[in-house]
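Report on the structure given below.
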Amino acid sequence: MVGKGSFCRRQLQAVLLRILCLLPTGLPVRSTDFLRGTDNITIRQGDTAILRCYVDDNVSKVAWLNRSNIIFAREDKWSLDPRVDLVTKGQLEYSLRIQKVDVYDEGPYTCSVQSQQQPKTSQVHLIVQVPPRIYNISSDITVNEGSNVTLRCLASGRPEPMVNWRHLTPLAEELDGDEYLEISGVTREQAGRYECKASSDGLAPDVKYVNVVVNYPPQIMESMNAEIEVGRTGVLQCDALAVPKPDFEWYRDDKRLYSTQGIHIQNYGTHSVLTVANVTEDHYGNYTCVATNKLGINNASLFLFRPGTAKDNSDSLAQSLWLLMASMACLLFKC
């Protein structure tokens, strides 16, 4: 019983023989065994591919075919594609050149010759590589601390590219994830820029970025007391970390303070400063800095005191709690 492969080869031989019989005599080509294996040529998209075929003086007819379509018969061009031409060096070479190779050029090519009424072929399979391209990536996002985050990065290319993620911290370590990066219970430390890289061996990678903003309530990191003599300038400082940036309020006892004659309040993002231009006995005591944003509230007590006097901490905790509750109520009811 004849195998399917042998049957197909005999059919192709018959087709090539009929084609070659119609061709005029032309440049000879070195004949090769029809049963030889197909050579593979790998080329990057946009580059020039040269499919080699060499001549000798024992054959009479020659043609280049792509599947069953004739590209060249002898030196007569049958293809309408302007990117395709012949490379001939005297009568020693009959190679096919394809400029600006694209994906649709991929496939089998046959250099076919006739010698003593027997068709012979040299076959080449052209493989086209396409550089990686990220075609779909998550937009920059803003989430609250503790939320689950999914970042998406879809890429195409030939061969299929590998997708990797990095969080662009000083260490910039690779993260576990491919096309989708899952972050469960995101923390403020996981905020920042994320890099997605699509790469294939031997091809230039494609890189894109996603910025992740993580909102969290204020946390007062530093509050500085002031030991100031009467008549001098006193400065109280309060620093709070928060996203979005916090709003600051200052209180003395149960009274909110504003920039008025003798007192000046300045806010610089996450930093607030209360300045007393000319300290008197009435200015000494406990002050409270309150930092708020849409996610929460935090406060700290600071002291302005005379040199050599201990800070009076009595009732400061109760006062801070009272101010905290008052500020929260104000935040809720937008007073």
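What you see below is based on every heavy atom in this structure, not just the backbone, and it leaves out hydrogens, waters and symmetry mates.
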Any side chain to side chain donor-acceptor pair (under 3.5 Å) involving [range]? Give me the pairs, sequence neighbours left out, ordered by first then second residue.
range            : result
residues 232-245 : D239-H271
residues 144-153 : N136-R152, N144-N215, E145-R188, T150-E182
residues 43-53   : R44-D47, Q45-D102, R52-E93

(request) Go through the structure and list residues passing salt bridge (charged side-chain N to carboxylate O under 4.0 Å, His left out) with D85, not counting sequence neighbours. (result) R97
(message) The criterion is salt bridge (charged side-chain N to carboxylate O under 4.0 Å, His left out); which residues satisfy it with D105, sequence neighbours excluded?
(response) R83
Under the side-chain contact (heavy atoms from CB on, under 4.5 Å) rule, collect the residues that match up with [X], sequence neighbours excluded.
X    : answer
A191 : V214
N211 : D140, R193, V213
E281 : V230, Y284, R306

(request) Quick one: list whatever passes ring pair (Phe, Tyr, Trp, His ring centres under 6.0 Å) with H283, sequence neighbours left out. (result) none
(request) For Y109, enumerate each residue passing the ring pair (Phe, Tyr, Trp, His ring centres under 6.0 Å) test, keeping only those at least two apart in sequence or located in another chain. (result) none
(message) Looking at K255 and D253, is any side-chain nitrogen of the basic one under 4.0 Å from a carboxylate oxygen of the acidic one?
(response) no
(message) Between S95 (side chain only) and C53 (backbone N and O only), is there a donor and an acceptor less than 3.5 Å apart?
(response) yes
(request) Keeping to residues at least two apart or across chains, list the ring pair (Phe, Tyr, Trp, His ring centres under 6.0 Å) pairs with something in residues 176-202. (result) H167-Y194
(message) Under the disulfide (SG to SG under 2.5 Å) definition, can you give me all pairs with a residue in residues 128-183, not counting sequence neighbours?
(response) C153-C196
